[in-house]
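Input: a single structure, listed below in structure tokens.
On a predicted model such as this, the values are computed, not experimentally measured, just so you know.
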Amino acid sequence: MSKAVLIDGLSILNRAFYGVPDLTNSEGLHTNGIYGFLNIMLKILDEEQPNYVAVAFDVSAPTFRHKMFEEYKGTRKAMPEELRQQVPVMKEVLEAMDIKILEKEGYEADDILGTLGRRFEEIGAEVSIISGDRDLLQLATDKIKIRIPKTKMTGTEIEDYYSKDVEEKYQVTPSEFIDLKALMGDASDNIPGVPGIGEKTATKIIVAYKNIETAHEHASEIKPKKASQNLVDYWEQAKMSKVLATIDTQCPVEFDPGAMVFKDMYTSKAYLLFKRLEFKNIIARFDKDALPKEERLSPAVLLKSVEEFEQAVKEDLEGQKSRGEQAVAGIYYHPQKPEGLCVSLASRPEPYFAPAEQFDCQKLADILKNEGYLVGVMDVKETLSWLKLDKDGVFDTSIGAYLLNPLKDSYGYDDVARDYLGMTLPSEKDIFGKTSHETVFLEQQERFMEFVGWSGAVARRGVSVLTQALENAKMDKLYSEIELPLAFVLRSMEDYGIRVEKEELKAYGDALVSRIHELEENIYDLAGERFNINSPKQLGVILFEKMRLPYGKKTKTGYSTSAEVLEKLRSEDPIVNFILEYRQLTKLKSTYADGLEGYIREDCRIHGKFHQTITATGRISSTEPNLQNIPIRMELGRLIRKVFVPEDGYVFVDADYSQIELRVLAHMSGDEQLIQAYKEDQDIHKITASQVFHTPLDQVTPLQRRNAKAVNFGIVYGISSFGLSQDLSITRKEAGEYIEKYFQTYPQVKEFLDRMVSDAKEKGYSETMFGRRRPMPELKSSNFMQRSFGERIAMNSPIQGSAADIIKIAMIRVKERLEVLHLKSRLILQVHDELLIEAKAEEIENVTKILREEMENAARLSVPLEVDIHTGKNWYEAK
DNA sequence: AACGTCACG
DNA sequence: ACGTACGTGACGTTG
């Protein structure tokens, strides 16, 4: 017996859209509806294994049934933009999956489903009709099953209705269901029904009389009286409703089962599309060996000799030079364990792979360099760990791709291939899974050669495409003058690392432990039981249920026990103070004392990593460990900085920008008040307080200054009265007044922020002083919250990003000057507005001068850039 | 893997 | 009416 699955496309898409939390791919396309649709469809297809499958859509024009009654057409609720944009993509996906799409001008999806459902039934097939819409229940028979998916917490559950199930649940047969609807109406479908008759009454009437015609004949018998009367008074409307509610099972849609045959959905086209939509779970369903082979890229071939390589390079150069082109090659490396060097040349389809065991890879790379090649490489900073490259001769594809769209979470060769070369390649993870490079190289060399070949080829082909794209976006200078040189600076910072006194760190940790134990005992005593204090869940139960403390906020999963909430409960019970202190100490112990210790290497130094392609704004990030969040605000935490020390004979020189973001704001907005204040080296928070609170400058209280400081921060973050009120524990109204006053004081700041938002809305991205872009898909959202978020980042990103640009410039210049002067001092850390130099004792003065000059002159603003510099024998003292 | 929490700028 | 400040990373718990 054959089986057919027919899907009500828009209805399921709609269900999925509202059932699945918002998802967006890195292009900013909303994908949650499509994702949910696919999950429902795949679940059903897996389960049913049908012979036929098709998806029906409405055509936007008014449908035939509704046309009969002009006044009822076209009043359907507008679709939100986030859903509307998914409809064409959904159809694209279905086409790519080789699933038949059914549309018929003038007919609704219902009619198509009804008609084809009946046809399939007539040829003896079993039919499943999938819809989120109960209207379809009228089609149920003992061969036609209506399936209504429900998105629940536990996953997707499906309610199934054969005709007997309809009768059980609604007390009427499927065909009587039409009459039921004719009486009760359906607002979402523009079916008026009969006023005063709802589901209950309608069911009673239809159970008794089977259809509206008979009911109308016996109208006088019907109770309540209002229903009886209205059935007579609105008889015409009832008849019309019945027509509207009736699904046309005879519509002239072609019945061609051959076109609906269920084939392999996992086509290469579908793979490509899922990659673009970033549906990782669905991609995982593809048979790995059947992944689309990208014919235009060949696997690498083993290099036989250096001579062979030299010969190939010579030929390649002749070719490229004769066309007057810059010679471009692409290389692949492995950052941790170099198993060899892969080189892709323009003149040969197959890249060369030179195993490290047989070849001096550095020598091969030098050949490229000496011949004047521009060498594409995916991640210069990592490559430098074993291959010396010259910044004048390389192009970093991951940095290029990052600048073009900093919102993505990876910039691998597969990402570049997909986004800039229009190719779909399996990712490194697709190929290797959990198997090591080494194992694949030894045991599945063919696969390995594909991988390195693609990597090399994409690195080469990415060079011109990304260069062009960067030029088009006017980010070529940002790339070549800031980002690429910076990669070399970061590399050297990582290589130097920072020295840490292991024993001191251990002692610090031990001191914490004894106090932590004391606190634990106190907490257990007060709570009356032992529990896991680190578990917010358990802690919430103890505090807010057992001890009945008043709870403030709640999170998705329960009570909030955040410091913000506990802070307000300090006076309620002594346990709160103990918990706050416990939290503080365990944080220091686990993340810093224990955490950092694990990173200390043989050389007594921590070599953390700096990442250049992570943040949306252009800042650098730090991991393994994060050296940009070492405690400083609280004294106890700050003490940790004493274990960060320079090498013997060296001292730390630490320089940080004073209020760089506010100065950038002054410059970018051109606000005369603000510029004037900075030119006169005024206390900016105090002056703001004086203006906002109408207080003479010399009478500003510390509290007023603190509040004004919060306002200044708020401005940089993309001010909202709510956010400010939270921060200052004041009402929204008061916060709103502060902001208004602020804008009166600095009117050009207001204009500037408004301009940032409107520009970003128009262009779709924001821009820093140096042309760094941040795309902002959120600004187009119809969701208030998301759009507001978009507006805040439109205000913040240019400021935070410009400050990031400036310190990057300073880093490059500082390092350059240290090198030119052959100083032993070196830049070792960057913390967003701060640089730390491990300086040779004799070089302190020189280093201080260099830091000051290069940082203050990194950019020419209309206000001075001020730098505070301290020296010390550890990081604690140098701040 | 997601969440809550908290460290930094 | 909606319900947040901007940008990160690490840890412990929990499902």
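In this structure, the CG atom of A:Asp654 is 11 Å from the P atom of B:dG9, given to the nearest Å. Protein atom CG of A:Asn626 is 12 Å distant from nucleotide atom C1' of C:dG7, rounded to whole Å. The distance between atom OH of A:Tyr582 and atom C1' of B:dC6, rounded to the nearest whole Å, is 14 Å. When rounded to the nearest whole Å, the span between CD of A:Gln628 and C1' of C:dA10 equals 14 Å. Rounded to an integer number of Å, the gap from A:Leu596 CG to C:dA10 P is 11 Å. The distance from atom CD of A:Glu661 to atom C1' of C:dA5 is 13 Å, rounded to the nearest whole Å. The NZ atom of A:Lys587 sits 10 Å away from the C1' atom of B:dC8 (whole-angstrom rounding). Look at CD on A:Glu635: it is 16 Å from C1' on B:dA7, rounded to the nearest Å.
Look at the P atom in both C:dA5 and B:dC3: the space between them is 16 Å, to the nearest Å. Comparing C:dG3 with B:dG4, their P atoms sit 16 Å apart, to the nearest whole Å.
Comment: A:Glu521 engages A:Arg530 in a salt bridge, judged by a side-chain N to carboxylate O separation of less than 4.0 angstrom. A salt bridge links A:Glu529 to A:Lys546: one of the charged nitrogens lies within less than 4.0 Å of a carboxylate oxygen. The pair A:Arg813-A:Glu856 does not meet the salt-bridge criterion, since no charged nitrogen lies less than 4.0 angstrom from a carboxylate oxygen. A:Glu838 has a carboxylate O that lies under 4.0 Å from a charged side-chain N of A:Arg605, or vice versa, which qualifies the two as a salt bridge. Salt bridge absent: A:Glu767 and A:Arg774 never bring a charged side-chain N and a carboxylate O closer than 4.0 Å.
Toward the 5′ end of DNA chain C lies the nearest nucleotide of A:Leu724, the other residue of the pair A:Leu724 and A:His611 mapping further downstream. Ranked by how close their nearest DNA chain C nucleotide is to the 5' end, A:Met785 and A:Asn796 are led by A:Met785.
Comparing C:dT4, B:dT5, C:dG7 against the side chain of A:Arg774 picks out C:dG7 as the nearest. Side-chain proximity of A:Ala616 to B:dT5, C:dT8, B:dG9: nearest is C:dT8. Set against C:dC6, C:dG3, C:dC11, the side chain of A:Ser590 has C:dC11 as its closest nucleotide. Side-chain proximity of A:Ser562 to the nucleotides B:dG9, B:dC6, C:dC2 is greatest for B:dC6. The side chain of A:Gln538 has C:dT14 as its nearest neighbour among C:dG7, C:dT14, C:dG3. Closest to the side chain of A:Thr557, out of C:dA10, B:dG4, B:dC6, is B:dG4. If you check B:dT5, C:dG9, C:dG7 against the side chain of A:Phe789, the one that comes closest is C:dG7. In this structure, of B:dT5, C:dG7, C:dT4, it is C:dG7 that holds the atom nearest to the side chain of A:Thr615. Distance from the side chain of A:Pro536 is smallest to B:dT5 among C:dA10, B:dT5, B:dA7.
Checking the phosphate oxygens (OP1, OP2) of B:dG9, no side-chain nitrogen or oxygen of A:Arg619 falls inside 4.0 Å. Within the 4.0 Å cut-off from OP1 or OP2 of C:dG12, not a single side-chain nitrogen or oxygen of A:Ser535 is found. Look at A:Gln786 and you won't find any side-chain N or O under 4.0 angstrom from OP1 or OP2 of C:dG3. A close approach under 4.0 Å does occur between a side-chain nitrogen or oxygen of A:Ser621 and OP1 or OP2 of C:dG9. Using a 4.0 Å cut-off, some side-chain N or O of A:Lys537 falls inside it from OP1 or OP2 of C:dG15. For the pair A:Ser560 and B:dT5, the criterion of a side-chain N or O lying under 4.0 Å from OP1 or OP2 is met. Contact annotation: A:Ser720 side-chain N/O to C:dT4 OP1/OP2 distance is not under 4.0 Å. Distances shown here put a side-chain N or O of A:Asn532 below 4.0 Å from the OP1 or OP2 atom of C:dT13.
Among the atoms of the strands shown, none is found under 4.0 Å from any heavy atom of A:Gln726. Using a 4.0 Å heavy-atom criterion, one finds that A:Asn534 contacts the sugar-phosphate atoms exclusively. A:Ala710 comes within 4.0 angstrom of a nucleotide base, judged by non-hydrogen atoms across all strands. If you check every strand for non-hydrogen atoms under 4.0 Å, A:Gly718 touches nothing. At a threshold of 4.0 angstrom between heavy atoms, the contacts of A:Ala804 with the nucleic acid are absent.
C:dT4: no Watson-Crick or G-U partner with both key distances under 3.5 Å is found in any strand.
For A:Arg732 and C:dG3, a side-chain-to-base donor-acceptor distance below 3.5 Å is present, hydrogens and geometry of angles not being considered. At a cut-off of 3.5 angstrom, counting only N and O atoms as typed in the model, there is a donor on one side and an acceptor on the other between the side-chain of A:Arg633 and the base of B:dG9. Between the side chain of A:Arg792 and the base of C:dT4 there is at least one donor-acceptor pair of N/O atoms closer than 3.5 Å.
When ring centroids are compared, A:Tyr742 and A:Tyr746 come within the 6.0 Å threshold.
For A:Glu740, the CD atom sits in a loose shell: 12 or fewer heavy atoms of surrounding residues, nucleotides or ligands are nearer than 6.0 Å. Within 6.0 Å of NZ in A:Lys761 there are more than 12 heavy atoms belonging to other residues, nucleotides or ligands.
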